[in-house]
K.L.:
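Next up is a structure, given as structure tokens.
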2 protein chains.
Amino acid sequence: MFVLDKKEGIPFYVKIREALRAEIEGGNLKRGQKLPSEEELANQYGVSRMTVRQGIADLIDEGLVYRRHGVGTFVAFPHVERDHSRLTNFFETASKEGISVQARLLDLEVSPARQRIAKALDIAEGDLIIRIKTLRYADDVPVTLHEAYVPHVLFVKLLEEDLETQHLWTLYERYGYRVKRAVQKLEAREADHELAVLLQIEEGAPILFKERVIYAEDGTPVEFTYCYNRGDRYSLTVTLER
Amino acid sequence: MFVLDKKEGIPFYVKIREALRAEIEGGNLKRGQKLPSEEELANQYGVSRMTVRQGIADLIDEGLVYRRHGVGTFVAFPHVERDHSRLTNFFETASKEGISVQARLLDLEVSPARQRIAKALDIAEGDLIIRIKTLRYADDVPVTLHEAYVPHVLFVKLLEEDLETQHLWTLYERYGYRVKRAVQKLEAREADHELAVLLQIEEGAPILFKERVIYAEDGTPVEFTYCYNRGDRYSLTVTLER
DNA sequence: GATATCTAGACGTATAGACGTCTAGATTCT
DNA sequence: AGAATCTAGACGTCTATACGTCTAGATATC
């Protein structure tokens, strides 16, 4: 049995998971409907119950099904925005929605890190950082002032790149850091004079302020960003799980 | 062995998970450091390897540790705000930070659902909903105007409950709906006259506006909420993964 | 010295069985 | 009829074992 598995190179639990997913997404199993019991599935696929459970566990993580102790496993409601908790960037999101995107580089400099930034990036105060200030347009309307700080030591060559057309994240990857996680703080603020001018809004207009740290796969902080978004042109959707 | 477990009522894998968490948070195991192998842990705690794996799996989900196939299990970067992608409510968050919380019920009524709300709650336009409007205080300062809509049919008895001292979520659970997921949209807005009065701020002051749908475990939408937060007193932190 | 191979250790997948606990519905008793 | 109890079925926890696969470092080879 085990050898058969290896021949195809796909673990049983993955096969079962995908089989169940297909049943659900294909509509054979509808919202709220009970899956066969773990015991039944085990017999049906000729595997042990633990293996079935492992497959189902993945589907639970995805929110596709849920278990009720003593009752059974059921298909969950397939709500559209299941994956809005995923980290995406401005360019990805906008282009997926058919919005044209541009960036204008306002400022680019290397300087010593202030305390706040050094702490966020886990470097020493005074270590060199690259500061990248861009103004971002959606359909030719200025929407976001973006101020990113990255450790100079990680990305020395970054200064030679074209920062208007390439997204920072793809550059990070080129230097070996794959973006994995972002922790971001959101606030509502008022536009000051500079913002008002840049974003072509009134002074005091609402701004969705976002402060975030981006981490690579291994936990290295690669970017600290202040992001000022026009309140009337920008909203953010996230999904949270309990 | 198994009976011992039951005597204390806590599964082994939970004990092991918490023991490891304590080691990590207590600083005995530092960032990047290798945990004892699963084998070793199994011996150490007198359980089987699968049980250890189950405990570790939870910590991986939390992002506290990560596994490397063929190498070992390691402590991940302990970034402070790790669990901010978890869904929590106002009361939980605030009380964890030692802030006193109060709610004042402003309005409670049953009415037919408007189109926007019906769609979000997956009910028919005109179906009855309960509208619960509360003003929430943190340390006696009004911070949030909270306007929740719940399907009347799900929670008929809700009207008899004390909505100022009990949190809605605990009430949902009492009626058999466990809160699982929230999809929320965030925007920056200006305070209108009503908000300005209620939140004791200037008209036009920035508001962090949050619109969200809360889903139960089985995917049923149980609550649709408009949430107006004082920009100067409220910020929201989320973690996103790629 | 550089390269290829081997190997120990660690995680990955899987089994078959056992007992615990919970839920809903059936049964029994009042 | 209503309440208390019982029970079958389903998920929850756990074991002891086995073999697969991967990684890093040691060893051997060129």
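Residue numbering restarts at 1 for every chain, and letters A, B, ... go by the order of the sequence lines. Computed from heavy atoms alone, side chains included, the values below leave out hydrogens, waters and symmetry copies.
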K.L.:
Rounded to the nearest angstrom, tell me the gap between atom CD in A:E39 and atom P in D:dA8.
P.N.:
16 Å
K.L.:
Given D:dT23, C:dT13, D:dT13, identify the nucleotide with an atom nearest to the side chain of B:P11.
P.N.:
D:dT13
K.L.:
From C:dG12, C:dA16, C:dT13, pick the nucleotide closest to the side chain of A:Y13?
P.N.:
C:dT13
K.L.:
Between A:E38 (CD) and C:dG17 (P), how many Å, whole number?
P.N.:
17 Å
K.L.:
Taking only the side-chain nitrogens and oxygens of B:R49, find out if one of them lies under 4.0 Å from OP1 or OP2 of D:dA16.
P.N.:
no
K.L.:
Taking atom types as they are modelled, would you say the side chain of B:H69 forms a donor-acceptor pair with the base of D:dT23 within the 3.5 Å cutoff?
P.N.:
no
K.L.:
Rounded to whole angstrom units, what separation is found between the CD atom of A:E40 and the P atom of D:dA10?
P.N.:
6 Å
K.L.:
Side-chain donor-acceptor pair under 3.5 Å between A:T225 and A:E223, yes or no?
P.N.:
yes
K.L.:
Under a plain distance cut-off of 3.5 Å, with no hydrogens placed, do B:K210 and B:Y234 share a side-chain donor-acceptor pair?
P.N.:
yes
K.L.:
At under 4.0 Å, does any side-chain N or O of B:T51 touch on OP1 or OP2 of D:dT15?
P.N.:
yes
K.L.:
Of all the choices, D:dC14, D:dA10, C:dG12, which nucleotide is nearest to the side chain of A:S37 once you look at every atom?
P.N.:
D:dA10
K.L.:
Rounded to whole Å, how long is the line connecting atom CE of A:M50 with atom P of C:dC19?
P.N.:
17 Å
K.L.:
OP1 or OP2 of C:dA24 versus the side-chain N and O atoms of A:R68: is any pair under 4.0 Å?
P.N.:
yes
K.L.:
Quick one: is B:T73 getting a side-chain N or O under 4.0 Å of the C:dA10 phosphate, OP1 or OP2?
P.N.:
no
K.L.:
Measure CZ/B:R67 against C1'/C:dA10 and give the value in whole Å, please.
P.N.:
11 Å
K.L.:
Which nucleotide in the set C:dA10, D:dA16, D:dG12 lies at the smallest distance from any side-chain heavy atom of B:S48?
P.N.:
D:dA16
K.L.:
For the pair made of CG in A:L41 and P in C:dA14, what is the distance, rounded to whole Å?
P.N.:
15 Å
K.L.:
Please report, rounded to the nearest Å, how far the P atom of C:dA10 is from the CZ atom of B:F74.
P.N.:
10 Å
K.L.:
In the structure I gave you, are the side-chain heavy atoms of B:L108 and B:R131 within less than 4.5 Å of one another anywhere?
P.N.:
no
K.L.:
Got a donor-acceptor contact below 3.5 angstrom from the B:D127 side chain to the B:A124 backbone?
P.N.:
yes
K.L.:
With side chains defined as the heavy atoms from C-beta onward, is the minimum distance between A:R53 and A:R67 less than 4.5 Å?
P.N.:
yes
K.L.:
Please tell me if A:R53 has a side-chain N or O lying less than 4.0 Å from either OP1 or OP2 of D:dC11.
P.N.:
no
K.L.:
Taking only the side-chain heavy atoms of A:Q54 (C-beta and beyond), determine which of D:dA10, C:dT13, D:dG12 contains the nearest atom.
P.N.:
C:dT13
K.L.:
Could you tell me the separation between the CG atom of A:N43 and the P atom of D:dG9, rounded to a whole number of Å?
P.N.:
14 Å
